[in-house]
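Notes for the one structure printed next.
Proteins get letters first, then strands, A, B, ... in listed order; numbering begins at 1 in each.
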Amino acid sequence: MITLLLQHLQDAHIISPLLVQGGPSTGKTAIIRSVLRELGRPHAYVSCVEHSKPGALLQAALNQLRGKRRRAEDNYGGVLKAEQVSDFLAQLSGLAPSGGPVHYIVVDHAQRLAGSALPGILLRLHELSGASASVILVSHVTWGSMAFAHGTMDAPRPYQISFPGYSLAELTSILALVAPNGADVRDFAAYLKGCILPMFARSSSRIEDLQVLALALYADYRAPARAADAAEARRLQAAFAARVRSMHARFEEGALFQGASAPGAALDTEAALVADRAGEVAAQRLDFELPFTGKVLLLAAYVCSCNRPALDRRLFDAISRAGRRRGSMAADRQAEAAKEARLRGPQAFPLERLLAVYWPLLRTHLDVPPPAAAEQSAEVLMQLTTLVSLRLLSRVSADPLDEPRFACNIPEALARLLAANIGLDLSTYLLYA
Amino acid sequence: MKQKLLKEWLTTTEEDVDEDSVQATTQAFALVRDFPMRAPAPARRPSGALQHKGGHKGDSDALALRAFPPLVPGEPLAWRRQRLHAYRDTWRGLSMSFKAVLEQTNEATFVELAAFVAAQHAAAAQHAAAAAAARFTGRQRLPAALTVAGGVNSADHARTFPALAELLRSQGCHVALLGTQDLAAGAGISRALNAVMRQFSGLATDADDLEALLAWYTDELAGRLEPTPAPAPTAEQQRMQRERRAAQRRTDAASPGGEGSDGGGVVSPLQRLRLRSPAAKRRLGDGEAGSQAGGAAGGRKEGGVASGVHEGAQPQARAAAERPLVVVVAGVEGADALTLQDLVLTLSEARQQLPVTLVLGLATSAVSLQQMLPAAAADCLQTRHFQLVQAVPRLEALVGRVLLGEACRGLLWGHRLLHRLLQLFLDFDFTAGAVLRGLQVACLAHFQGEPLSPLAPAAAAGAVQLCAACSALPEALRATAARRLGVPVGGGARGAAVVAAAVGEAAAKARRWAVALRWTHAAARAVGHRAGGGDGFALHELLRDAAAPAFMQRDSLRSALPRLEALAVRVRRLPHAAASALLAELRELAAACADTASEARTVEALLAEPLQEPAPGAPAPAPPRPPARTGVLSVLRGALGARQGAAAAAAAAAAARVRAHAAEGAPQRLRLANGAAGLLEKAWDAHLKQPPHGLPGAALLCCDDAGEERRALTAAPRHAVHTALADPGAYLGGATGQLGLSPSLEDACIAYQLLLEYPEAVNVSDWFGGFCAVHHSGPPDPPAASKSAHCMPATKPLRRRGRPSKRVMPEAPPQPEAPGILASPRAPRGRGRPKAPARAGAALPAPASAAASGSGLGSGLGSLAGLPPGRAAEMAARFTCATQDLQLMGLLRPAGRRRGGHAQRLVFPPPPAPCTDDAAAKGE
């Protein structure tokens, strides 16, 4: 790939655009920037992650192509402004006059431009501005994926260079470069080749992940070699194997770097590597404080999101519940409805329904004395706003004149935890869950 | 000039305009005031000195005095002013102590955070050489401190992250504090980068990209930047600083064992934290630390921008490369996940050149970050958890250091008020601010309503001040004092002495009572009770329960005696070391109060006794048999009430057994435990048996008006809207509880009250018919209207869907007189029923158009048949306006397409619940 790149970029007058495609952690950006720097090509590097708006992207590219660093006298702002694409093209022709060396604009994370007209403009830079400029798109997706189809029909197709993922041998060579201080590089490479990569590289080829894993397990790998006797060495070997298996299991389920799935578990990657916290998964406790009304509101919202509105009367109206006659097929119908509800997923509910479920829960089923009529709204609505700001609930209706509708974002585990915390039998209210 | 221009405009737009019309139009467009040629300078408010000089202060005092009306005939103006000033002083001291305690709660976490930031920056500096070699090394792991508040008390944490940023800046860090508005959806990270750039550099720049940040940091490392003069603190900052200093002084005085008492000077918590932190110690020499005690200074750059409320000298400049870069994101849950992801990715890619450390402030838990942050960004974080103090521990600190301390300036808080405030805190918001607001209202109500209230601060100040205040008691208030205190209060010095003795006794009793509560809390913690409460031994629970007269009454359902006896039993079983530690704590608590000096001496003597070890050959006496039922079981029994007598008897028997065993010859290692338990029991008998609130002098000190707090701070917007529409007389002062509807009501009220009779779907035609029937019911005559069959009774529900009822309604109006809605013939159902009008847009079906077109719409428009055309159109227009008002208030909306001609009712007010002051609040 580097050879292809060099072939393409060596001639300072080749204008055709380039698309560098490859998965994450394949060295696309680093190699492109290194090659351009080594070849001394004038270029600008802009990332679509940093600049989400096309105007800002083009303006940043212009200011980099200008070649002068930002100064305190200008408040570190860019000197060149490009409000419109026409401004950009006009100024670009001044910065990279025709006939001069090609100026490159490297657009990283170019897949984020999908759907906009900017790729078409960038691919036709030379045609539109007459400047000696070209673009290098760095993307996770290929040209054939139709991500760049919008506005590029009449643009020149970029020359595509694909960066494949690393092979095991390449990974070994790369990771061996970060061997710990004092470690034998050959021994470390053998460790990578024999213990780490065959197991973990199947799940992820991210250099950062593998590097952290390799460094974390290396001390355990070396421990049997320092053992006093053979029995101790065998015990340490077994412990190392068990640790590797445990790590692999957590790695595959994404819990190693994302934090454990249990509530209250840490997101610490290093700490998670050092201490296996599998035992903490079982430790079920509410790890944050919530006022009593907040808990009941959340449970009411969960009940509303799981049940159909037609069930509310049956659940919360004592007269309706007492007089109900169950037919012989009631259990089957309920099972069918539960299956359907699971497939349908949580549903949005209006504010009035939430309050209509909240008051009976608070009043009847939790044996809480009814508050005075004057106290019924402000604190509860404030609590509702707080829950929305914490993303435990979310408002789904955008029209301020329309009926406010909410969705409950808490998982079932947290709902059951909350219910246990306030002594509520949640299963009583979840007929279809 | 203007008239000329206007004339030209008129003549160019209309060709045949005569002079008169131009003149008339010109007059119509006459300008009241010329447009200013330049923007006027903003009007500046006069400063405090000017206000005083100009007499504004006197006006404001006069205005404030109107809130303190004379409570007894002949109360002099000076005494009212004294009440006003007593309230102001008391409240200022109380609120500042509150804020100081809240600031102190997170000190330890802040120190840890500062150390983490420094360590991460040092680690990044080690890779500086590698960064110089390779200008782009891909994404690096970004150190992130997950600062978890652990609760939804976000209001209390509004100052937490600004205080952290201020602390970090004072230690030489470059700090940028981002809020949720900086990470809003749709704007990308340019706003966040601009905020970072502005706060890092101190420049008012528009630069909003990473290149600008890198250029600034390069200049910073190269030392190319000129130091920026420190801006003078604003008046607001100076005021906050003065308040904080005064609060710290009070809090330190109130907390004998606190950290504030060991220093000589007045040092705010954050300033003290700065001095204690390792970085500050490195940076400051001993002498400099002393000079910094008056106020730590902060700088944004070398000798540069002071970043917060600082005074004193600037800190010595740290080498630019050693100054960590910190981005604090407060309220991560409220930020847009994708924007936060982009910020993390961008900073991660630039980590080699810009070694930023993130501080992510989360309200609930780290799990919420996992759920919101995409994997690509989460993989780039190297996190460490920091836990801020949660709501209940903050409440405990407030109760211990403020409500049970000297900061209350002699005020006592009643059981009903405390019950109400704690209920609000625990049930609704977990915010100490709510408690503070409630206390303020109660404090204000006390000083407004109690004529002798200025004696409370004097009682807290000391006996001399109290005597002086009592001597200054006006003659008009002597009778009031005699009535309140239940003693004859004569004139002159003798009468003043009587009042001072009564009030002083109540104040001293209150101080001893507070010490006894603290002792109980300390003992409960020593035996392992939960610090967060739930078992009745948290400070806030003790304060609330002990203020009730039933706290120590054995025959009361809410008696705490079984709990306390069980606690004493557990204290007697404490090991020697734990008992010794408990006694040391009891000694400290007692020594802090002058009124409990004798108790402190007793504890001291107990601790000073030498430990007599048993003889080596002597058989060890058997340990006291643990009581059969103690501890939690006793507590549960106490709550059950029916079994309470048996429980109390069992606990008392167990305690007696243990006491007897101790008297017979308990091992020496239990001597301290027995002594501690004995002291506790003695304190309970002496100080808790009768709360000081019941003393005659306490009436002057006690704030117990929960109703005022309820009236002032409880907002009920939904209830207010419902009342205003359903019973407007409640607000307008007219006749309330009027039966039926009267045309004298506002149209919106009539429409709303008719709306309440419907279920979710409202047939607009029927509704309109009811509206018309109300207006045709004759002149407003409330008694007649209530009996009139023409008006729709408010309590009678309309018929719902389905077949028409064959039951003859007794309220059905006679047909001939007035064709009301109930009397009007209903529209035929089924095929013969005319179609409802199509709904136009989002507006409700407009009966006006139907009325104008003459097409009958069931019973509603049938009622228009006898009306003249103009009157029918007026009715329709008024009804449309009323329904639009209701729609704008969110009370209803047009129904879906399938139910044309219907409106959907959106609000269903809950059934009225009795307004109860529950028995618990009464403490009985």
### Query
Can you check whether B:Asp209's main-chain N or O pairs, donor with acceptor, with A:Glu50's side chain at less than 3.5 Å?
no
### Task
Select one option (side chain, backbone, both, neither) describing which atoms of B:Leu906 are under 4.5 Å from chain A's heavy atoms.
both
### Query
chain A heavy atoms under 4.5 Å from B:Leu338: which part of the residue, side chain, backbone, both or neither?
neither
### B:Gln341 portion near chain A, given a 4.5 angstrom heavy-atom threshold
side chain
### Query
When only pairs under 4.5 Å are counted, which of A:Thr293, A:Asp74, A:Asn63 shares the most heavy-atom pairs with chain B?
A:Thr293
### Query
Which value, rounded to the nearest 0.5 Å, describes the distance between B:Glu211 atom CD and A:Tyr45 atom OH?
12.5 Å
### Query
Salt bridge or not for A:Arg112 and B:Asp342, using N-O below 4.0 Å?
yes
### Query
Does A:Glu379 use its side chain to pair, donor to acceptor, with the backbone of B:Phe428 at less than 3.5 Å?
no
#### Entry: Nearest-0.5 Å distance that lies between atom CZ in B:Phe425 and atom CZ in A:Phe292
15.5 Å
### Query
Less than 4.5 Å apart, any side-chain heavy atom of A:Leu355 and any of B:Arg718?
yes
### Task
Assess whether atom NZ of A:Lys81 is packed by more than 12 heavy atoms of other residues, nucleotides or ligands within 6.0 Å.
yes
### Task
Quick one: pull up CG in A:Leu387 and CD in B:Glu333 and give me the separation to the nearest 0.5 Å.
11.5 Å
### Task
Between chain A and each of B:Leu362, B:Leu210, B:Asp206, B:Val148, count heavy-atom pairs under 4.5 Å; write down the option with the most.
B:Leu210
### Message
If we define contacts as heavy-atom pairs under 4.5 Å, which of A:Gln64, A:Arg391, A:His51, A:His109 has the most with chain B?
### Response
A:Arg391
#### Entry: Check: B:Gln390 main-chain N/O paired with A:Glu289 side-chain donor or acceptor under 3.5 Å
no
### Task
Side chain from CB out, backbone as N, CA, C, O: work out which of these in B:Ala350 comes under 4.5 Å of a heavy atom of chain A, or both, or neither.
neither
### Summary
Okay, A:Leu351 and chain B: the region with an atom under 4.5 Å from a heavy atom over there is side chain
### Message
Whether the side chain of A:Ser389 engages the backbone of B:Gly334 through a donor-acceptor N/O pair (distance < 3.5 Å, no angle test) should be reported.
### Response
no
### Task
Could you tell me the separation between the CG atom of B:Leu892 and the CD atom of A:Glu403, rounded to the nearest 0.5 Å?
11.0 Å
## Note on the structure
When the 4.5 angstrom heavy-atom criterion is applied to B:Leu214 and chain A, the contacting part is neither
## Note on the structure
Closest heavy-atom pair, A:Leu390 versus B:Ala363, reported as atoms and distance to 0.1 Å, is CD2-CB, 3.4 Å
## Note on the structure
Bottom line for B:Ala204: the part with an atom under 4.5 Å from chain A's heavy atoms is backbone
### Considering all heavy atoms, the nearest B:Ala212-A:Arg70 contact
CB-NH1, 3.4 Å
### Contacting moiety of B:Met197, where chain A heavy atoms sit under 4.5 Å
side chain
### Query
Measuring heavy-atom distances to chain B, does A:Ser52 have an atom under 4.5 Å in its side chain, in its backbone, in both, or in neither?
side chain
### Query
Can you name the nearest heavy-atom pair linking A:Tyr76 to B:Asp219, along with the distance?
OH-OD2, 2.7 Å
